[in-house]
Amino acid sequence: VWVRLVSDIPHEAVVRRVENVVQGNREFDRAQPGGEMATHLADGLDQEFAQLAGQVLVYPATDFAMTHPSHSEPETSILLTHSVIKWFCNHYLNGTAAIDHRKASPARAKTLAGLPPAYVLTAGADPLRDEGAEYAARLKEAGVPMTYRHFPRQFHGFFTMGKLLEQANVAISEIAG
């Protein structure tokens, strides 16, 4: 299953699409919030469906509270700016109550135990950096086999720029194994 990096699809629509995917219907719209959808798939929506072999989370959005320091540091507001993230959040969630729900903010789950192996990638100049790092740490604490890779001198979006940035090719090679 391939998902794109970001979109403005409302949260409830993503949950319905995830349910379709894990039930075997792999046809869905092209524009999907990648990191969040991947965590839903990996979680199996309360383990009702078959487990996935693994999850690749490239600068994942895992906590819509947006309280981590990287959400306010000037050096992280490049390409994916703080105001753009807030715009997506306001259009994606159906009110602030959804922020605390684990299906909107996977980091809010009480436990991450039992999730499939993970590769988590973060970038230094990315507003999502700290929540991605924290999510990776929680996966490790929960005993989930995982690899955490941080690219300190990169920004949100670098992963897709292999023709321009060698570090994107390094990341892709690591994931491809």
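In this text, all values refer to a predicted model and were calculated from it rather than measured experimentally.
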Which atoms form the tightest heavy-atom contact between [X] and [Y], and what is the distance?
X    : Y    : result
T122 : A133 : CG2-N, 3.8 Å
R108 : I99  : CG-O, 4.0 Å
A65  : S105 : N-OG, 4.5 Å
A136 : M146 : CB-CE, 3.5 Å
A168 : M161 : CB-C, 3.9 Å
T111 : A113 : OG1-N, 3.1 Å

_Audit row: L115, L112, side chain to side chain contact (heavy atoms under 4.5 Å, CB included) steps and yes/no_ = CA-CA 6 Å; L115 292 177; L112 302 178; 3.9 Å; yes
Could you grab the distance from atom [atom1] of [X] to atom [atom2] of [Y], nearest 0.5 Å is fine?
X    : Y   : atom1 : atom2 : result
F155 : I78 : CZ    : CD1   : 8.0 Å
D100 : D63 : CG    : CG    : 8.5 Å
S77  : I85 : OG    : CD1   : 8.0 Å

*Please lay out, stage by stage, how L57 and L121 fare under the test side chain to side chain contact (heavy atoms under 4.5 Å, CB included).*
CA-CA 6 Å; L57 307 174; L121 179 149; over 6 Å; no
_For L128 and Y135: C-alpha separation, side-chain torsions, deciding distance, then whether side chain to side chain contact (heavy atoms under 4.5 Å, CB included) applies._
CA-CA 11 Å; L128 304 175; Y135 193 74; over 6 Å; no
Under 3.5 Å: donor-acceptor pair, side chain of [X], backbone of [Y]:
X    : Y    : answer
S173 : N169 : yes
T160 : G157 : yes
T62  : A107 : no

*Is there a side-chain contact between F158 and Q167, using heavy atoms and a 4.5 Å cut-off?*
yes
_Check the orientation of Y59 and F159. Use parallel for under 30°, tilted for 30 to 60°, and perpendicular for over 60°._
perpendicular
*Could you walk me through whether T76 and H156 pass the side-chain hydrogen bond (donor to acceptor under 3.5 Å, both in side chains) test, one step at a time?*
CA-CA 9 Å; T76 62; H156 190 99; over 6 Å; no
*List the steps and the verdict of side chain to side chain contact (heavy atoms under 4.5 Å, CB included) for R149 and V120.*
CA-CA 6 Å; R149 186 69 156 94; V120 180; over 6 Å; no
*Taking R129 as the fixed residue, which of E73, H68, H71 is the one that meets the side chain to side chain donor-acceptor pair (under 3.5 Å) rule?*
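Output: one option passes, namely E73.
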*Just do the side-chain hydrogen bond (donor to acceptor under 3.5 Å, both in side chains) check on Y119 and Q55 with the steps written out, would you?*
CA-CA 6 Å; Y119 177 97; Q55 52 183 325; over 6 Å; no
